[in-house]
Amino acid sequence: MKKYIEISAETLERLETGKYVAGSLQRDKETGKLVFTGWKRSTKKRNRDKTICRLEHGWLKESAERYKFYNSVDKAIGVVQVANAMSRELEFAMEELFLLNIND
């Protein structure tokens, strides 16, 4: 069985260049013909986070609206050592942040 599908020129151009086209296939209510509608997708543009400082077990970054602190320490060293390492790295990160704000 053969079925004919209406495809827009823009969709056909994308197919001819070897690109994939995501969309929907439906029957037109007025004409009853099968119609393929390609979705118009666009990627969101966002600025990458600025790294303020790299730490032994993580980093401190700055985005447009937030400061982000990440720290990952191995559990095997024990709770006390984990707490000390995280506190030490947070102190260092905060010093770097204060120095950055003073220089600006």
Side-chain angles (χ1 to χ4, degrees):
M1 169 170 38
K2 290 185 179 181
K3 293 288 181 183
Y4 295 98
I5 302 171
E6 289 185 19
I7 299 176
S8 68
E10 180 183 326
T11 303
L12 191 59
E13 286 175 20
R14 287 187 53 83
L15 288 171
E16 287 174 348
T17 58
K19 295 183 180 177
Y20 290 95
V21 178
S24 63
L25 184 65
Q26 68 263 351
R27 192 171 290 277
D28 190 329
K29 293 178 183 178
E30 296 174 8
T31 62
K33 294 180 181 179
L34 286 175
V35 178
F36 178 80
T37 306
W39 295 329
K40 294 181 172 80
R41 294 183 175 179
S42 62
T43 59
K44 293 182 180 179
K45 310 258 189 220
R46 76 175 181 94
N47 297 333
R48 298 188 66 81
D49 296 341
K50 175 185 170 189
T51 301
I52 295 174
C53 68
R54 293 202 176 273
L55 305 168
E56 185 179 351
H57 301 104
W59 41 255
L60 177 65
K61 293 185 178 183
E62 177 183 14
S63 71
E65 298 177 1
R66 299 181 180 273
Y67 290 109
K68 300 174 184 180
F69 174 75
Y70 174 77
N71 201 344
S72 177
V73 182
D74 189 11
K75 284 193 213 178
I77 64 173
V79 176
V80 174
Q81 284 82 5
V82 167
N84 289 338
M86 287 187 168
S87 296
R88 183 181 66 244
E89 292 198 1
L90 180 59
E91 293 261 337
F92 180 76
M94 292 308 298
E95 287 175 14
E96 291 291 320
L97 181 60
F98 288 134
L99 287 174
L100 178 72
N101 286 334
I102 289 172
N103 292 336
D104 285 344

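Interatomic distance, Y67 OH to K50 NZ, rounded to the nearest 0.5 Å: 8.5 Å. Annotation: the span from E89 atom CD to N84 atom CG amounts to 11.5 Å, rounded to 0.5 Å. In this structure, CG in L60 is found 11.0 Å from NZ in K68, a value given to the nearest 0.5 Å. Between the CZ atom of F69 and the CG atom of L97 there is a distance of 11.5 Å, given to the nearest 0.5 Å. Atom CG of L25 is separated from atom CD of E6 by 11.5 Å, given to the nearest 0.5 angstrom. How far NZ of K75 is from CD of Q81: 15.5 Å, rounded to the nearest 0.5 Å.
Checking side-chain atoms of R14 against main-chain N and O of K19 turns up no donor-acceptor pair under 3.5 Å. Within the 3.5 Å criterion, the main-chain N or O of A83 finds a donor-acceptor partner in the side chain of S87.
When the side chains of ILVMFWY residues are joined at heavy-atom separations under 4.5 Å, either directly or via intervening members, W59 and I52 end up in two distinct hydrophobic clusters. Taken together through direct or relayed side-chain contacts under 4.5 Å among Ile, Leu, Val, Met, Phe, Trp and Tyr, L15 and F36 form part of one hydrophobic cluster. The hydrophobic clustering, which links ILVMFWY residues whose side-chain heavy atoms are closer than 4.5 Å, places F98 and F92 together. When hydrophobic clusters are built by joining Ile, Leu, Val, Met, Phe, Trp and Tyr residues whose side-chain heavy atoms come closer than 4.5 Å, directly or via intermediates, V82 is not grouped with L55. Residues V35 and W39 do not share a hydrophobic cluster, defined by chaining ILVMFWY side chains whose heavy atoms lie under 4.5 Å apart.
Counting only heavy atoms from C-beta outward, the side chains of D49 and R46 approach each other to under 4.5 Å. Counting heavy atoms from C-beta outward, Q26 and L34 have side chains that stay 4.5 Å or more apart.
E91 meets the side-chain contact (heavy atoms from CB on, under 4.5 Å) test with no other residue; sequence neighbours excluded.
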